[in-house]
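In what follows, a structure is listed as structure tokens, so that the remarks can point back to it.
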Amino acid sequence: MAYRTIKGTHDILPEEIHRWQQLENVVHSIAGHYGYNEIRTPVFEDTGLFSKSVGKDTDIVSKEMYSWEDRSGGHLTLRPELTAPVVRSFIQHNLGVRSPLQKLYYIGPLFRRERPQKGRQRQFHQFGVEVFGSEHPEQDVEVIALAHHIFKELGIKDISLKLNSIGSGDCRRNYRSALIKFLTPFKDDLSETSQKRLETNPLRILDTKIPHEKEIIQNAPSISDSWTDEDKSHFESVQSLLSGLNIPYELDEHLVRGLNYYTRTTFEFVSEDLGAQDAVCGGGRYDNLVEMLGGRPTPATGFAAGMERILLSMVTSEQTDGRESIYLINLGKAVTMKALQMAQELRSNGITVYMDTKRRSLKAQLREANRLGTKKAVILGEEELKNNRVQVKDLLKGEQEEIAMDQLAKYFIV
Ligand code: ATP
Ligand code: MG
């Protein structure tokens, strides 16, 4: 049997790659304009990095990780997210000492063993940013503005920003007690997972997708009642700065995000035309994570955006790569050397050259040139070689002219 891609993984084929590159170029360019530098970390890490940061009771760590024991006995995991690896790298290389405001972005593949469906794969891609060193609301807003800017540039419509603050330590502790007190009488109505979460991480129950649990939660106490004065004024600043940048948002008290490490601002961009898997980007502030992973206390904020989902909602521009291309028709073994040299020279001058290497007939090469959509063909046969001249054929108009070989590059460069 022929081998196939593993369930939940996909090849990105030549006809799709243009859209991926378009998306990646926008990310590089806009992240650059905001003064962020790219960071690339390995695709596998110590398992402990994820169980400690993302949290043992999350879906990611409890059932979605691809983990194995290395021959040397270490426990390794294909990265299911990139915040923890970036934080690990930040600590390991003392990046905070090099730059008190360290602004990083990444693009890369991630691995989660989930049930594959539209917008949900086992190998998928994210781009994201992480900023270390500022606890202030303007940093949250810059990060949100960056994401918003990228979506706007990509022409993604019907996307909205949901915003919440889950407060800092004191707030979380008070809210946790309030939530447990509220949910305990409903315990028997909750799913098994939520019953477990009631003990381990009750905030995550707010994340539920089960309809009758959503109903119960409607009347749950609001996190805003537990904000400290500092939490409140931080969040008010985030909102007023966003308004000042004309970035619309909706407040969503139940937006707590799945991972353990968030503090204060949390946000999500959702797209209306994606159906069930509607979150394209999630992020927020995580002021305690660097310290939790062994670094010096450092405030931080960031987001991660799912590239497959963005591509699903991206209006694609026509595939025009803007390149002028030439088809170099070469006829017979005697002209091979000259043809390769000519192609080389044209390519060094920035011209895209297709050249036959299947030793096909004139007719077959012309047909191929048309299929590729090239507008001009250069024809080199033995006769042309002898005279140091080539035929240049305009494939649209059908006209043909003969020019000297040494004039060829000049002819096409103008
Ligand atoms: P969801 O609620 O859809 O499971 P999540 O909260 O698990 O999302 P994050 O861990 O915050 O997602 O990752 C950020 C983004 O990465 C998501 O908003 C989504 O666009 C994308 N993403 C997450 N998991 C997958 C997946 N299995 N396949 C494709 N994209 C994904
Ligand atoms: Mg998920």
Side-chain angles (χ1 to χ4, degrees), residues 5-10 12 16 20 23 27 49-51 53-55 57-66 77-87 105-130 143-144 146-148 150-151 154 156 158-164 166 193 197 201 203-210 214 252 254-262 265-286 289 301-314:
T5 44
I6 305 297
K7 184 178 176 192
T9 71
H10 296 272
I12 300 172
E16 304 162 82
W20 280 87
L23 169 54
V27 172
L49 174 64
F50 302 110
S51 43
S53 60
V54 178
D57 60 317
T58 59
D59 288 348
I60 293 181
V61 174
S62 65
K63 53 188 190 207
E64 296 174 359
M65 294 203 302
Y66 286 100
T77 293
L78 290 180
R79 61 189 191 194
E81 60 109 48
L82 259 156
T83 298
V86 171
V87 171
Y105 78 97
Y106 59 77
I107 301 182
L110 303 163
F111 309 85
R112 293 185 195 173
R113 202 175 188 294
E114 304 194 70
R115 194 168 70 76
Q117 51 198 293
K118 185 183 172 210
R120 196 179 291 293
Q121 299 174 194
R122 290 181 169 181
Q123 175 171 344
F124 64 101
H125 299 76
Q126 287 181 344
F127 68 82
V129 311
E130 313 292 354
V143 158
I144 294 172
L146 199 169
H148 182 260
I150 289 177
F151 299 140
L154 293 169
I156 299 180
D158 303 327
I159 194 165
S160 53
L161 169 62
K162 290 189 192 170
L163 191 68
N164 192 21
I166 56 172
T193 320
R197 283 179 182 158
N201 190 352
L203 258 72
R204 288 217 48 221
I205 300 175
L206 299 178
D207 236 0
T208 184
K209 289 180 179 132
I210 304 169
K214 277 187 166 173
D252 178 352
H254 294 155
L255 181 72
V256 293
R257 313 262 318 118
L259 317 184
N260 272 3
Y261 48 63
Y262 286 105
T265 316
T266 54
F267 64 91
E268 213 164 71
F269 282 91
V270 297
S271 162
E272 273 150 39
D273 25 71
L274 281 180
Q277 269 58 252
D278 64 349
V280 276
C281 171
R285 176 163 283 287
Y286 50 96
L289 183 58
T301 178
F303 69 76
M307 295 173 77
E308 280 80 3
R309 292 187 198 173
I310 288 173
L311 286 165
L312 284 171
S313 47
M314 200 168 119

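In this text the structure is predicted, and so the values were computed from the model without any measurement. Start at 1 and go down the list; that is how both ligands and their atoms are numbered.
Contact between Glu81 and ligand 1 is absent, with no heavy atom of the residue lying under 4.0 Å from the ligand. The shortest separation from a heavy atom of Lys209 to ligand 1 is under 4.0 Å, placing the residue in contact. Look at Glu308 and you'll find every heavy atom at least 4.0 Å from all atoms of ligand 1.
The shortest N or O to N or O distance between Ile60 and ligand 1 is not under 3.5 Å.
Within the 4.0 Å heavy-atom criterion, the part of Gln126 lying near ligand 1 is the side chain and not the backbone. Neither the backbone nor the side chain of Arg115 comes within contact range of ligand 1; no heavy atom lies under 4.0 Å.
For the side-chain contact (heavy atoms from CB on, under 4.5 Å) test, residues two or more places apart in sequence or in another chain that qualify with Pro109 are Val43, Arg79, Phe111, Gln123, His125. The side-chain hydrogen bond (donor to acceptor under 3.5 Å, both in side chains) search around Gln117 returns Gln277, not counting sequence neighbours.
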Would you check, one step at a time, whether the test side-chain contact (heavy atoms from CB on, under 4.5 Å) holds for Arg112 with Arg120? CA-CA 9 Å; Arg112 293 185 195 173; Arg120 196 179 291 293; 5.9 Å; no
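At a threshold of 4.5 Å between non-hydrogen side-chain atoms, the residues Trp20 and Met307 count as touching.
Under a 4.0 Å criterion applied to the non-hydrogen atoms of Ala279, ligand 1 contributes the atoms 17 (C), 18 (O), 19 (C), 20 (O).
For the pairing with Val280, the side chain to side chain contact (heavy atoms under 4.5 Å, CB included) check across Val270, Ile310, Ile156 returns one residue only, Ile310.
The closest non-hydrogen atom to atom 5 (P) of ligand 1, taken over Glu64, Gln121, Arg112, comes from Arg112.
Residue Arg113 qualifies as open at atom CZ: its count of foreign heavy atoms under 6.0 Å is 12 or below.
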